[in-house]
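Following: one structure in structure tokens, then a few remarks.
Chain letters run A, B, ... following the sequence lines, proteins first, then strands; residues in each count from 1.
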Protein chains: 2
Amino acid sequence: VTPARFLAACRRQPVDRPPVWIMRQAGRYLPEYRETRERAGSFLALCRSPELAAEVTLQPIRRFGFDAAIIFSDILLPLAPMGVSFAFPDEGGPRIERALRAPDQWRALHPPADEAGTAFVAEAIARVRAALSPETALIGFCGAPWTLASYLVEGGTSRDHTAVKAALLAQPEAFSRLLATLADAMATYLMQQVKAGAQAVQIFDSWAGSLGPADYARTVVPALRTLLERLEPAGVPRILYLGGSAHLLPHVADLPCEVIGVDWRTSLSGAAAATGKAVQGNFDPAYLLAPTGAVCRSATAMLADAPPLGYVANLGHGILPGTPLESVSAFIAAVRGTA
Amino acid sequence: VTPARFLAACRRQPVDRPPVWIMRQAGRYLPEYRETRERAGSFLALCRSPELAAEVTLQPIRRFGFDAAIIFSDILLPLAPMGVSFAFPDEGGPRIERALRAPDQWRALHPPADEAGTAFVAEAIARVRAALSPETALIGFCGAPWTLASYLVEGGTSRDHTAVKAALLAQPEAFSRLLATLADAMATYLMQQVKAGAQAVQIFDSWAGSLGPADYARTVVPALRTLLERLEPAGVPRILYLGGSAHLLPHVADLPCEVIGVDWRTSLSGAAAATGKAVQGNFDPAYLLAPTGAVCRSATAMLADAPPLGYVANLGHGILPGTPLESVSAFIAAVRGTA
């Protein structure tokens, strides 16, 4: 069996060419995803059906032959068994039913007693792993403590993150405990995914870049360390994705993870040099809305900046719903050297 | 006459304490601003009335004694005499009436033949300068070519900047000419402001951070250079504000400006070291929604990271409408050493 190209690159082992996958590759830009999503009735129903979640996870692999699949889900789902209620309206991002503004609400949050509340994710992972060829790796994921806390405290997506930042500033100890609780719960959740068949895990700190370096280092990094250390026994590559994080890289360099995911604002060579880790990224998803010739030129420039060992080609953020399929093909062809 | 503390700091001359002002200090967080805005009838009417614009410019100086006033206006206003129509609805940011998506629309854009279309700004500046004490400096401003082009191409504020990025990628030469046209028009506009009494100018590249370093350096920096060089004869400090720009600083280090404005994601000491210029910033405006004790601690931490020469205390972005007045007082007291 050929070891998966993706796993080798995560471990900084030689590969014939960079592996490639795309964040949110099972998403609205794909007609077959839209069809299945319609059939499911709602986004949450799609996430919670092992059969349909497995199906949409596999769709982009069938169409584009990506080197890795990532289980279809959402970072908020493991919060449900912790007592958090949320909804995914068609517009405007997810809504937390009752924003957790006060420390006594944070204290009431506990990691779930067992794994039953996320069993559907494990089952979807097992289904996908059984259907994938050995060359295609399967990635599990979770939200990072800071990004999850932002949702919980803000009550949804936020532009300025004022409530969660005020919480961090006003109640530093209680807020750190909230992050530690989330780290604990997410470690258990990722271990469940690995047991079910995930061969790598990605932790999404999509809103890392909203904080300055001092607060990130002091408050967020300890929770990330707890989470990453708990994953050590799993023995799978740990990818830490940090959105908008050029200013944070020196502060995550000694975290126990194998791969740092960055966006287009952080150069790949710079991220590799700053952290000594494998790097993943960093094509601007907005650039996929340009003509394919321009996509190809930009992708080639990205590859020229990638380190020779330890590189996973990807976007710097999730693919946008309006992305043309031919742009995705052009991006992949550039990475594969078949453009 | 005491030379303004603010101007000395911009020129990296010794000062008794850091000067302080706040981006969008004439804004909705101030009750007297809301009252005048109400009286004006609309945001645009307020901007276009020299009397009322001067009044709201002076309000925060009266209340807080800031070391600098910045003329009340909006970066879109000088686009009107270039033939661009826009509106400021009460919610959701400004709207350009007809987004400029195509190169022939960009080519149709010309710097105005004379300065009559922005005479109301010059008149407001003259009124403010006459009313201010010599210790308080007066700042003129404009939008940077990239940020203005983003508005023009997107048709308003944008989260992902997909249209303007696709334009940059697909039509690099034509897009560069658009930026050059905007640089030319903004240079004339700033010179008009200096003639009227502005003693420093700030160029707002609020959306600088949406681009990666290579594209910023290749496409945006040349237009900034043109604009800044055109201001040389004015002999006033030039402040270049770059939002979310930790990754861009090496690329602006040799631009002809005296001050770099940064946000909380970029350390003040790091920005000073990377550029060799005076620095302005960088308190997170979201932090002003925390209790005043926390504001004071955070402001003290900011000051500890500021360079000893060439530092202007400010926020890292415009003050948020819901900011309590006592937070502003706490921030100022920390800077003045009277907390």
Measure across [X] and [Y] and return the closest heavy-atom pair with its distance rounded to 0.1 Å.
X: B:A294; Y: A:L169; value: CB-O, 3.8 Å
X: B:R265; Y: A:G209; value: CD-O, 2.8 Å
X: A:A246; Y: B:H247; value: CB-CB, 3.9 Å

Who pairs with A:W264 by ring pair (Phe, Tyr, Trp, His ring centres under 6.0 Å), at least two apart in sequence or on another chain?
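Scan of A:W264 (ring pair (Phe, Tyr, Trp, His ring centres under 6.0 Å), adjacent residues dropped) gives none.
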Knowing that exactly one of B:T323, B:L320, B:D284, B:L288 qualifies, which makes a side chain to side chain contact (heavy atoms under 4.5 Å, CB included) with A:T162?
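Of the listed residues B:T323, B:L320, B:D284, B:L288, the side chain to side chain contact (heavy atoms under 4.5 Å, CB included) partner of A:T162 is B:L320.
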Checking A:S245 against chain B: side chain, backbone, both or neither under 4.5 Å from a heavy atom?
neither
Please state whether the side chain, the backbone, both or neither of A:D215 comes within less than 4.5 Å of a heavy atom of chain B.
side chain
Just wondering, more than 12 heavy atoms not from B:R34 lying within 6.0 Å of its CZ?
yes
Got a sec: does the CZ of A:R28 have more than 12 other heavy atoms crowding it under 6.0 Å?
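Not buried by this count: 12 neighbours or fewer within 6.0 Å.
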Residue by residue, which of residues 87-95 of chain A have a heavy atom closer than 4.5 Å to a heavy atom belonging to chain B?
none
So for B:D160, is it side chain, backbone, both, or neither that comes closer than 4.5 Å to the heavy atoms of chain A?
both
Do you know which of B:G244, B:S210, B:G293 has the most heavy-atom pairs under 4.5 Å to chain A?
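Answer, by heavy-atom pair count under 4.5 Å with chain A: B:S210.
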